[in-house]
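Please read these numbers as outputs of a predicted model, since none were measured by experiment.
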Amino acid sequence: VDQPDQPDQRDEPFGPPSVQVEAVAPAVVVVMVAHDPGEWFEEALASVEGQTYRNTSLLVIDVASTTELAPRVAAASPYAHLQRLEQNVGFGPAANEVLEGVQGAAFYLFCHDDVRLEPDVVQVMVEEAFRSNAGIVGPKIVRWDEADRLLQVGMGADKTGAPAPYVERGELDQEQHDAVRDVFYVPGAATLVRADLFSALHGFDPDIELLGEDLDFAWRAHVVGARVLVAPAARVAHLEALAHRRPIDDRRRLQMRHRLRSTHVCYRLGTRLRVLPQAAAVALVEFVYGVLTGRFRHAGDVVAAWWWNLRHRRTAVARRRLLAAERTVDDHDVRRLQVHGSARWSAFLRGQGSAPDNRLGAMTASGREMVTNLRSARARSSLLAWAAVLLVLGFGSRELITSGVPAVGQFLAFPGHPSSLLQQWVSGFRSVGLGSEAPAPTLFGVLGVLGYLCFGAMGFLRTAAIVGALPIGALGIWRLAGPLGSRRARITSLVVYVCIPIGFNAMARGRWDGLVMYGLVPWMINQLARGSRLAPFGDVGGLRGQGVVDRPVLQRILLLAGEVRGMARTGLVAVGGALVAMALQLPWSLHVATNGWRDAIGLTTTGGEPLALDRVLRFATGPYGTSALGWAFLIAGALVLAIGRAWRLRWAVRCWVVVAGGFAAVLVSQGLPPGWMPAPEVLLAPSAAALALAAGLGMVAFEADLPDYHFGWRQLASVVAGAALIVGVAPALAASLGGQWGLPGTDFDSTVGHLGSKISSQGPYRVLWVGEANLLPGSPWLLDEPEPASSQQQAVLAYTMTDQSMAQVTDLLPGPDDGATARVAESLQIAARGGTTRLGALLAPMGIRYVVVPTANAPLPYDTGPTYHPTQLLAALQDQLDLADVDVISGVAVFRNTAWGPVRAELPADTHYPSGGPSISSRIVPGLAGARPALVDQSSYQSFHGGLANPTSVYLAQSASGRWRFAADGHAVAGTKVLGWAEAFDSPAATSATLHYDTPPTRDLWLLGQVVLWLAVLIVLFRNRVRAQGERDLALLHLEGELA
Amino acid sequence: VSADPSSARRLPVVAVLVVALVAGVIVQRHRDAAGQPPPAVQASDLLPVASPAALSSTWYCAAGSALGHKGPAEQTVIIENAGEHPVQGLVTAITDTGAKAHETVEVPARDHLAVQVQKLVTAKWAAVVVEVGGGEVAVSHVLTGPTGTAVASCSSGPSDHWYMPSGTTRPGTHQWLALFNPFPSPAIATVTFATSDGERTPPPWSQLVVPGGRVVVLPVDQVVTLRTQLATTVSIPSGRLVVDQLQSADGSSGTAKGLSVTPAAPRPTSTWWFADGPATPGARTSFVVQNPGSTPAKVSMQLRLDRAGENGTVSPFSATVAPGSYATIDVSGDPRVPQGVGYTAVVRAAAGQSVVASRVVTAVPPAQPSGFSVALGSPVLGRRWLLPVASSSQIQKATLIVTNPSSTHSVEVSIANVAGGGLSPLQGTESVELIPASGRAGFTIAAGSGAPTLSLVVDAKADVVVEIRLDYPGHGVSSALAVPVIES
């Protein structure tokens, strides 16, 4: 190694002969580590050559460059010293060469090969080192080609070493960061280090070959009591050309593992025991996030970082011992120099989840944009808007979050364990009603998997699935409005969509379908809009001329609604999406397609209150939106029709077509028989999203189009629309005060859920729920009588059944009726017509022990929705000689069936089962009342076993099927279809017996195919996402260039 | 900006949206105007009804004793099956102590069956539930006591309100209310009496608990004493009951000895038809109109005299009935009604108002036959009526009255006895035409007319009202409304 000359011995300094004071200046050796530098290298060398600090020498360490650098160094800086390493050991180990090869230097200025020093950099940094007694001094680092744009001015770090930049990348340098200050570390692009300190710390960690050596060294410097400063007066331009020379994932992995290495080395034992678990927790979150978002390499880097440190634990111990010998500062004092909290978590919350730090890793474009703009007024307004939205949603949901969501309407309880959902999903038998052979919805499987991912916290999953729909919808509309290009428009759309009461009303009415639709519709519309590729959601039509052609109105509307090409693409996206969704739902979707779509939409009503036009227009499907302020958003959304131009107007028309279509659909559905159309909230959710987008378009038009108009009514309309936008928020704020969006504070679980708890030993039973459809749990079936037939769906009678207690989510989306469940309706209708006073006896073969008639959505006085008293139904039930009133809290009428029999009953062996014909007597099973329950132990879903006391006939009150397998003492016994729908098995002796439903192999094949399809789709989506993410990262790096 | 290229597109779009909005408003107004039809009142809500297509039917006979000959109103249940198929039935007697007894019966097709309750249970009071597996079945009960014999149809359904316009607790009389709860759960009832002094609810009978599966008989005359006329309302806020009114008079204090059982009316309505307006010499007939509503009810009663061509017409009676009160229209004392001329009557309440109307006939000796009867009018019309009565051997004279309510059309009717598996047309009644306006016919069915028991079916080509008047020698008189066969 060539020895750099002492300054006073140099006969050819970089500049003219120094004055006397320079002769005593401490020697500074600029150590430039180079590896395959680009064309910038000469400029970098020249900048060192041009330093005004006279006692400077240059040492270039060529780290195994493909092409030797000697000619280039000699040409650019003939007095520089060059040392070549034949292996690429990395920056830190290469820089450590000065420990052995350089003598007499007072300072080392370690530099990358892509930096350009201002002439006074060394001078300023050395002066500051002396002035502040600093061990390490860093410069202000700016962009190579934009010297007024900051990259770093020192760096902070949290307890785990995660970087926390003091400035934002690309921030305009207005001397706002020009104060000298202590920092935790300085980026390695140019670092002035006192030579004795470097020697005392044994240089850079040799195991950190690249990336992270700057943090590690500065951290150890703090431990030995050295100050680390940044002297912004020293300006260094940094090209950050590492991106051109190393793969991105390699750098991220190195950064992660070296950060963890520093944590291992620099902390004492007690601190490590405290910090490392926290780091592990952050890593776990990052890993899960990476997996869930398809960033598998990122997740792998997280794991690799810990694995690498585990393998290098011995060298870490050695380094720690070396440091301990020099330690003068306690961890507690070092910690004061670090930022509080988790820098990575903060970065994640700011949208930098994919950006491990500011220098390295894959910072997403969106995250970078957000970070860049965080300090701008526009960004602050977005943050404020989101904070307000989340505050309102959180405040309005506080009771639901803290106390749980009551089981109202479709908000059914989840099973206690996710395995129950998966068992029902894989089974070919649905237990809803009296049972049927039908595929279970994929929803059960998805919820089951999610339940496991939530570690079995099904209550949490349920609350999240319900309450989370509101912010998901808000996020969706935020994304949808993104291409509008106006932050204010985006905020407008966000606020309007959140405040349109359709989501709140869906919540208040217990409509999960409406809530899910509210959450998903903006995302769906977003896909459709982008699928159209029409400006601003694409590049089609953005610059098209505005020629007006005289066409019929209808044709004009179609044209205004979108160019044909755009519409075709949108239709293609819609149809394709629907087909893919149906394929993913197979075989359930096949069943829906062949059995009508009632299973998919359920039976919905407006709870006895007609939805008049004025309520529809205000989205007042429930308790919210009925005030005069409910009209406000319509006014705000109409502004764009008045002032919009170009694509604003075209998209506004499309939006209003959707809005009007939703309104029309609801009005039409009011006149259709119940069960033909989905719930009003489902129909209106697209209208709400479209109206919100229209309001955002109005804001864009306000910004872009209004200035072109002369002052007139349009300006006045804008003021009115703005005012409407403001006042329209008030009802939403008021709605949030209750804390549970109009849901009752309790449900019927405490009343009905424990009806038979004291006598559960008498065997399994069912509960028959009858009443207004909107007040019943789950997805009830239509009951034509006894209430007056209505052609409208304002209030209709319906019925459903639950097993022993309250309904569960598995009672949603019922399967088809194999002819059994309808018998319940027939029995009710017979009673309603006065055809029997022994309804209990008719219901007994169905295992129905209780008949529950809710007249409100919750026990009084906690009810919140409209009440409905089915007078004739109640009268018919009260007329029954074998139904006894059960005294319960108001809001529900409960009748106990005194003639009930267990769902699985032991009957005498010679029991003669009636035919199940139309007469009353042929529907009643003799001896069923009070019969001994059979097969009382349940092994799994639809699998039972138990002992039989006598030779008996086991009666099964389930829909008959050829796949029920009964075995007595291990011998299979064939079943007999009785009553026209149920099944019975003859057991010849007192013995143990088993009964289970044998799911057909075709169902297993279907499920296997479904799983494969899901995995395939997920893999494709993840791969696309990863690919897109990588492309964005590379593009970003290409633009900015990241270099350690 | 004058050259806004978008304005040409904007106008039609806005116009279409406005048109759509206006269309929506129009549709909404049309829908509002149409409104929801009011719920239909079913005949079974008004009175006992036999449903022809019912898979089964249940009848409740609330009042009656089961002590044998010592009982005040020994009860016999008559089950008439007018259908073409035999029906299985279950007769359950339920006593005032909660005891129960069952008897399975089979009623052959087009036949009838009598069940003496005392053969099932022995109790001071015993109600009966008759469950039969088919429609076109009617059940009545015959009560026989020391003071007389009475017949009335049983109730075909329970209710949460019961109304009895006419009753008396004057000296020489007894009145009971039989509150029958055939259901497993207890019911709570409040009994309110409207007297000349206003409404009154005896404290023990306010929120009175009627246990499930029990009949509770209230001695009205012991609590509300010495009232010539009182109207009764039974409200059941919890549960449902069946209520019969039982009255007897021993002939003292100027009363007419006899026994009367009247099923209460489950709800008020606007029109009440009375087929029979007896022309018995010496008998006094009055109509009592009860207004259970909360506003005064204006009612009018129109009498149609027999042979209107000869006897002329009677101008309508009118009265205003205070809410919660009653009004008595004494026909016999009115000079507009000629003596000895029979008639039919219809009581109508003003539009939107509902009342309950009954007829009281009192014949004090020396009038013959003597006795008294209390009968509700019929709130419905029908083409087929069933009339299970009793052993005809106890009846001195039975008069079946069929009234044609139409003012314009005549009606052809036929009457047959249901017995022995067939319909035996009564002699001379195979086909009788009832002329409009004053179309009322009384068919006298003497004892021993060919059947040991009397169980009738009346078929008409149009709507009619059917009632029977029974003379029991030495046991007073009785009037009973037939049971219409109406699809419920």
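Going from atom CZ of A:Arg838 over to atom CG of B:Leu90 covers 7.0 Å, rounded to the nearest 0.5 Å.
Sequence neighbours left out, the pairs with a member in residues 82-93 of chain B that pass salt bridge (Lys or Arg N to Asp or Glu O under 4.0 Å) are B:Glu84-B:Arg110.
Proximity to chain B (any heavy atom under 4.5 Å) is shown, for A:Leu877, by neither the backbone nor the side chain. When heavy atoms are compared at a cutoff of 4.5 Å, A:Leu883 approaches chain B solely by way of its backbone atoms N, CA, C and O. Of the two parts of A:Asp887, neither the backbone nor the side chain holds a non-hydrogen atom closer than 4.5 Å to a non-hydrogen atom of chain B. Contact of A:Ala638 with chain B is not made at all, since no heavy-atom distance falls under 4.5 Å. Interface residue A:Thr898: only side-chain heavy atoms are found under 4.5 Å from chain B. With a 4.5 Å cut-off on non-hydrogen atoms, A:Leu881 touches chain B through its backbone and its side chain both.
Per-residue counts of heavy-atom pairs under 4.5 Å with chain B were compared for A:Ser921, A:Gly835, A:Ser919, A:Pro918; the largest is that of A:Gly835. When each of B:Pro184, B:Ala187, B:Gly212 is checked for heavy-atom pairs under 4.5 Å with chain A, B:Pro184 comes out on top.
A:Phe619 meets the ring pair (Phe, Tyr, Trp, His ring centres under 6.0 Å) test with A:Phe663; sequence neighbours excluded.
Using a cutoff of 4.0 Å between basic side-chain nitrogens and carboxylate oxygens, B:Arg240 and A:Asp879 are scored as salt-bridged. Ion pairing of A:Asp708 with A:Arg645 is present here, as a side-chain N (NZ or NE/NH1/NH2) and a carboxylate O approach within less than 4.0 Å.
Judged by the 6.0 Å and 45° rule, A:Arg714 forms a cation-pi pair with A:Tyr709.
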